[in-house]
Amino acid sequence: MPELPEVETTRRGLAPHLVGRCVRGATLRRADLRWPIAPQIAAELPGQTIESVSRRAKYLLLEAQTGAALLHLGMSGSLRVLPEGTPHGKHDHVDVLLDSDHVLRFNDPRRFGCLLWQAHGAVHPLLAGLGPEPLDEAFDGDHLWRASRGRTAPVKTFLMDQSVVVGVGNIYAAEALFRAGIAPGRAAGRVSRERYAALAAAVKDILARAIARGGTTLRDFIAPDGAPGYFVQELSVYGRAGQACKACGTALRARMLGQRASVWCPRCQH
DNA sequence: CTCTTAACCTGGACGC
DNA sequence: TGCGTCCAGGTTAAGA
């Protein structure tokens with residue numbers, strides 16, 4: 001479910017409830033999600049104060065004194081802050097108990113998410129090797145152009161490669177490529193420097209706009225306060241296969257690229 | 001290295 | 001109503 005805008009929306013929703021709060025304990029209703037839940041969540045985090053809630057790529061970090069809880073929402077994960085004692089439902093796998101008499105609740109039906117631990121001063125292996133943040137200045141068209149030389153994979157697959165640039169998933173890759181006028185199936189190494197400049201600008205603009213709308217809710221994404229994201233109203237191509245292009249009226253086409261559904265306008269994108 | 005494919009897991013939508 | 005099939009916002013591991 002969540003790409004960068006949804007994770008950032010989650011981060012912004014959580015921070016006011018978590019920063020400065022002391023963790024009283026943790027309730028684990030199952031031992032693993034994608035991987036075993038780190039033992040430090042129950043054994044080391046309680047008693048510590050959450051100093052900040054940060055984001056790297058699609059990961060969230062709850063930073064405490066001896067380390068940070070490292071979370072990924074996978075395809076179906078969500079986090080909410082609820083009054084202590086709120087009955088838990090199916091797939092509510094973890095509660096982190098706070099000294100505010102609230103709980104941070106991690107729900108993830110498909111369990112593709114994870115809850116790990118990064119020791120203070122260390123970099124978790126999952127965070128090593130990630131590409132730049134798309135909203136940082138270090139990310140631009142030249143970065144994409146240089147990284148793509150000689151690459152034969154589809155440009156959409158390339159754009160979703162987290163070692164190239166982080167945070168872009170299936171929705172925003174499709175939308176950015178439409179905005180830049182690039183066909184998603186084109187080989188990454190056969191896109192010009194000029195067109196990569198347009199693509200990088202499109203990525204930045206679309207992600208920023210999506211964050212401003214609270215992300216995209218297709219079925220089950222919710223912010224920590226329970227609110228959906230409204231960027232779904234601005235989607236140009238994602239989920240619109242067969243429908244008319246909003247720019248030219250041509251029927252949007254769809255095909256699988258890298259095992260992900262990909263939609264584009266055959267007239268606007270080349 | 002790069003690229004492709006299978007796998008992880010549940011639930012909703014759809015066809016019969 | 002029930003059952004089988006396919007698909008879904010992500011990522012890793014294994015193989016070519």
Side-chain angles (χ1 to χ4, degrees), chain A residues 1-10 29-37 55-60 70-79 89-93 106-116 124-131 134 146-177 184-190 203 206-207 210-211 213-223 228-242 254-263:
Chain A
M1 130 183 52
E3 302 182 35
L4 187 148
E6 292 74 38
V7 179
E8 178 62 20
T9 296
T10 299
R29 301 195 179 85
R30 58 176 305 130
D32 46 51
L33 299 173
R34 181 190 183 102
W35 294 295
I37 293 168
R55 178 189 59 72
R56 173 70 175 112
K58 298 172 190 171
Y59 293 89
L60 286 169
L70 179 65
L71 299 89
H72 196 293
L73 300 176
M75 289 275 266
S76 58
S78 60
L79 293 163
K90 204 173 182 182
H91 310 306
D92 284 336
H93 305 306
F106 191 171
N107 179 283
D108 186 6
R110 294 177 72 178
R111 304 204 303 276
F112 286 175
C114 59
L115 179 46
L116 305 171
H124 195 282
L126 288 172
L127 301 188
L130 289 173
R146 283 191 297 268
S148 63
R149 293 308 86 187
R151 304 277 293 254
T152 59
V155 62
K156 175 164 173 282
T157 305
F158 170 76
L159 187 62
M160 292 171 65
D161 182 340
Q162 303 297 295
S163 70
V164 172
V165 60
V166 303
V168 182
N170 205 30
I171 296 176
Y172 300 109
E175 295 298 310
L177 287 163
R186 171 175 288 271
R190 300 192 55 192
V203 166
I206 285 168
L207 293 180
I211 291 169
R213 300 290 182 278
T216 299
T217 295
L218 297 177
R219 45 177 66 80
D220 51 11
F221 170 72
I222 52 171
Y230 296 103
F231 192 75
V232 63
Q233 300 167 5
E234 300 188 27
L235 297 179
S236 296
V237 289
Y238 180 88
R240 299 192 64 243
R255 65 179 281 209
M256 296 299 277
L257 292 171
Q259 301 185 134
R260 309 304 297 272
S262 307
V263 184

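The structure displayed is predicted, hence computed values, not measured ones.
Of the residues near DNA chain B, A:His91 and A:Ala153, the one whose nearest nucleotide (by heavy atom distance) lies more toward the 5' end is A:Ala153. In terms of position on DNA chain B, the residue among A:Thr152 and A:Pro109 whose nearest nucleotide sits closer to the 5' end is A:Thr152.
If you take CG of A:Leu126 and P of C:dT11, they are 10 Å apart, rounded to a whole angstrom. Nucleotide B:dT10 holds its P atom 13 Å from the CG atom of A:Asn107, rounded to whole Å. To the nearest angstrom, P of C:dT11 lies 19 Å from CG of A:Asp32. Whole-Å rounding puts the A:Leu73 CG to B:dC9 C1' distance at 16 Å. One can place CG of A:Asp161 at 13 Å from C1' of C:dG10, the figure rounded to the nearest angstrom. Between the CE atom of A:Met160 and the C1' atom of B:dC3 there is a distance of 15 Å, given to the nearest Å. Distance, A:Gln259 CD to C:dT12 C1': 13 Å, rounded to whole Å. Whole-Å rounding puts the A:Arg30 CZ to B:dC8 C1' distance at 12 Å.
A:Asn170 pairs with exactly one of A:Lys156, A:Glu3, A:Glu175 by the side chain to side chain donor-acceptor pair (under 3.5 Å) rule, that one being A:Lys156.
As judged by a 4.0 angstrom heavy-atom cut-off over every strand, A:Thr217 is placed among the base-contacting residues.
Considering CG of A:Leu126 and CG of A:Leu116, their distance stands at 6.5 Å, rounded to 0.5 Å. Interatomic distance, CZ of A:Arg151 versus CG of A:Asp161, reported as 6.0 Å (0.5 Å rounding).
A donor N or O paired with an acceptor N or O is not found under 3.5 Å between the base of B:dT10 and the side-chain atoms of A:Arg111. If you check distances only, the side chain of A:Arg219 never reaches the base of C:dA8 with a donor-acceptor pair under 3.5 Å.
The shortest distance between the side-chain N/O atoms of A:Lys58 and the OP1/OP2 oxygens of C:dG9 is not below 4.0 Å. The side chain of A:Arg151 places an N or O atom within less than 4.0 Å of a non-bridging phosphate oxygen (OP1 or OP2) of B:dC3. Listed pair A:Gln162 / C:dT11 meets the phosphate criterion, a side-chain N or O lying under 4.0 Å from OP1 or OP2. At the phosphate of C:dT11, OP1 or OP2 sits under 4.0 Å from a side-chain N or O atom of A:His72. For C:dG9, one of the phosphate oxygens OP1 or OP2 lies less than 4.0 angstrom from a side-chain nitrogen or oxygen of A:Tyr238.
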Please test A:Asp32 against A:Arg34 for salt bridge (charged side-chain N to carboxylate O under 4.0 Å, His left out), starting from the C-alpha separation and ending with a verdict. CA-CA 6 Å; A:Asp32 46 51; A:Arg34 181 190 183 102; over 6 Å; no

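Proximity of a side-chain donor or acceptor of A:Gln162 to a complementary backbone N or O of A:Met160 within less than 3.5 Å is detected.
The side chain of A:Pro154 lies closest to B:dT4, out of B:dT4, C:dG9, C:dG10. Side-chain proximity of A:Glu3 to B:dG11, B:dT10, C:dG9: nearest is C:dG9. The A:Arg34 side chain lies nearest to C:dG10 when the options are C:dG10, B:dG11, B:dT10.
With P as the reference atom, B:dC9 and C:dC3 are 23 Å apart, rounded to whole Å. If you take atom C1' in B:dC3 and the same atom in C:dG9, they sit 23 Å apart, rounded to whole Å.
In summary, the side chains of A:Thr216 and A:Tyr238 do not present any donor paired with an acceptor at a separation below 3.5 Å, with no hydrogens or angles considered.
Taking a 6.0 Å sphere around CZ of A:Arg29, one finds it holds more than 12 heavy atoms contributed by other residues, nucleotides or ligands.
Contact of the A:Leu73 side chain with the A:Leu79 side chain is registered, since non-hydrogen atoms from C-beta on lie closer than 4.5 Å.
In summary, the aromatic rings of A:Phe106 and A:His93 are positioned with their centroids too far apart to meet the 6.0 Å limit.
Ring stacking is absent between A:Phe112 and B:dC9, as the pair misses the limits of under 5.5 Å between centres and under 30 degrees between planes.
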Which dot-bracket string fits DNA chain B when only Watson-Crick or G-U wobble pairs with both atom distances under 3.5 Å count, crossing pairs get [ ], and | stands for a partner on a different strand? .|||||||.|||||||

